[in-house]
Chemist: 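Please find one structure pasted underneath; my questions will follow.
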Amino acid sequence: MSQALSSNHTAPKALSDIDPEIAAVVDDELKRQQNTIELIASENIVSTAVMEAQGSVLTNKYAEGYPNRRYYGGCEHVDVAEELAKKRAQALFDTKYYVNVQAHSGSQANMAAYLAAGLEKGDRVLGMSLDHGGHLTHGFKLNFSGRDYEIGSYGVEKDTGAIDYDKLEAQAVEFKPKMIIAGASNYSRTIDFERFAAIAEKVGAVLMVDMAHIAGLVACGLHSSPFGHADIVTTTTHKTLRGPRGGMIFSKTLDIQKRINSRVFPGIQGGPLMHVIAAKAVAFGEALKPEFKEYMSRVKDSANAMAETFKEEGWAVVSDGTDNHLFSLNVMSQGVTGKAAEELLDTVGITVNKNLIPFDEQPAQEASGIRVGTPAICSRGFGVEEAKQVALLISKALKNKDDQAVLDEVKAGTQALCDQFPIY
Ligand code: DSN
């Protein structure tokens, strides 16, 4: 080891001394997060405790295998972290389902679920289509799911923006899938897991629930729970759950769990990210506290308040509102594309993502909608009143997109809110 490297380890130096270029990236990103209103529905703002665990010496450790059954020595401490993460995850969802906390991401959790569900390549899977709110891994043609399996896609109704469960049942009876996936990345209405389970049972399909977006709400009893209904439940840990980026998989039976474990490792992953698993444990511990339920209630109430404010301002909201933490605003309802809205809002300190809306006539790169979510703003302390103010600022910006004086006023408004609710 060179002297320079070894001295980095004995006398810790700041990142800015060792690598000013990357330190500048981190600093710039911190400032961006501090000074913008973050409405991307899948993002959140983690605690410094989560970041401390994730940035810890656990990153140095290889621990292939599972607690007490590792392929490397020296795993006695990381074993404790993994057991704590599992125990807290079960407590959080009040479930006896078995849990695997090693999935590196939601997509890998979902891939493991496909493999553990006993599907062969070419078998039929019924999932929500991407352009109606589903996820890439629910059968998109360029994803492994769409390439390796025969996909049937369900969507929402044009008049309600919601799933019609009778139609879904008829589709499942006709299509005869081996697995049905419930869950979405952009669906603002409550998902009826009991009805999904009844449909899966009727057609003899495995029911997999991807609760990545709504996991925090489920944990707090603010959305119906998939536990007791699904054979496999997958989630990410960084959205409403407010943990480090990663995935997690629950299984109803020991038999499924054994297959999940072996599909995750050695099936699709090698060494688990023990620093991330430790950070997952920290986040689950935080989510078990009463303050987390207050936070999640604020997330849900704020999303509802924003959707209602947009409607009062004359904008169309997909499905006419929301039951959860997000909704899609149909910006084409006042002649703005999703892309133009995303770019304009960027200039006034508000971050959203353009999104196709169901039955969109625009191409994906333009889109007719923007997706709006409240998990991140509520983590910095916003509540219903601030959420309404944000909706009014967005509406004002979009309605005055060519008037720089108004846009300057909106930018001052977003900065004032950011200053009032600082982060880090
Ligand atoms: N990319 C995520 C989202 O934005 O919803 C889904 O994984």
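Quick caveat: nothing in here was measured; it's all calculated off a predicted structure. Both counts, for ligands and for their atoms, begin at 1 and track the order of listing. As a basis for the values below, the full set of heavy atoms in this structure was taken, side chains included, without hydrogen atoms, waters or symmetry mates.
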Chemist: So which heavy atom in the protein is nearest atom 1 (N) of ligand 1, and how far is it from that ligand atom?
Modeler: Ser42 OG, 4.6 Å
Chemist: May I ask whether atom 4 (O) of ligand 1 is less than 4.0 Å from at least one protein heavy atom?
Modeler: yes
Chemist: Please verify whether a non-hydrogen atom of Glu43 lies at under 4.0 Å from ligand 1.
Modeler: no
Chemist: Assess the residue pair Tyr154 and Phe175 against the criterion (ring-ring contact (aromatic ring centres under 6.0 Å, His included)); give the C-alpha distance rounded to whole Å, side-chain angles, the decisive distance to 0.1 Å, and a yes or no.
Modeler: CA-CA 11 Å; Tyr154 61 88; Phe175 186 59; over 10 Å; no
Chemist: For Thr48 and Tyr424, run side-chain hydrogen bond (donor to acceptor under 3.5 Å, both in side chains): C-alpha distance rounded to whole Å, both residues' side-chain angles, the deciding distance at 0.1 Å, then the answer.
Modeler: CA-CA 8 Å; Thr48 50; Tyr424 302 126; over 6 Å; no
Chemist: How long is the straight-line distance from OG of Ser153 back to NE2 of His138, given to the nearest 0.5 Å?
Modeler: 11.0 Å
Chemist: What are the two closest heavy atoms between Leu326 and His213, and how far apart are they?
Modeler: CD2-ND1, 3.6 Å
Chemist: Which of the numbered atoms in ligand 1 are below 4.0 angstrom from a heavy atom of Arg371?
Modeler: 3 (C), 4 (O), 5 (O)
Chemist: Distance to 0.1 Å, residue and atom name: give those for the protein heavy atom nearest to atom 7 (O) of ligand 1.
Modeler: His135 NE2, 3.1 Å
Chemist: So, Asn353 versus Glu342: side-chain donor-acceptor pair below 3.5 Å or not?
Modeler: no
Chemist: State the atoms of ligand 1, each with its element, that fall below the 4.0 Å cut-off from a heavy-atom position in His213.
Modeler: 3 (C), 5 (O)
Chemist: Phe93 vs Phe250 aromatic rings, parallel, tilted or perpendicular, using cut-offs 30° and 60°?
Modeler: perpendicular
Chemist: Just jot down the ligand 1 atoms closer than 4.0 angstrom to any heavy atom of Ser185, in number order.
Modeler: 5 (O), 6 (C)
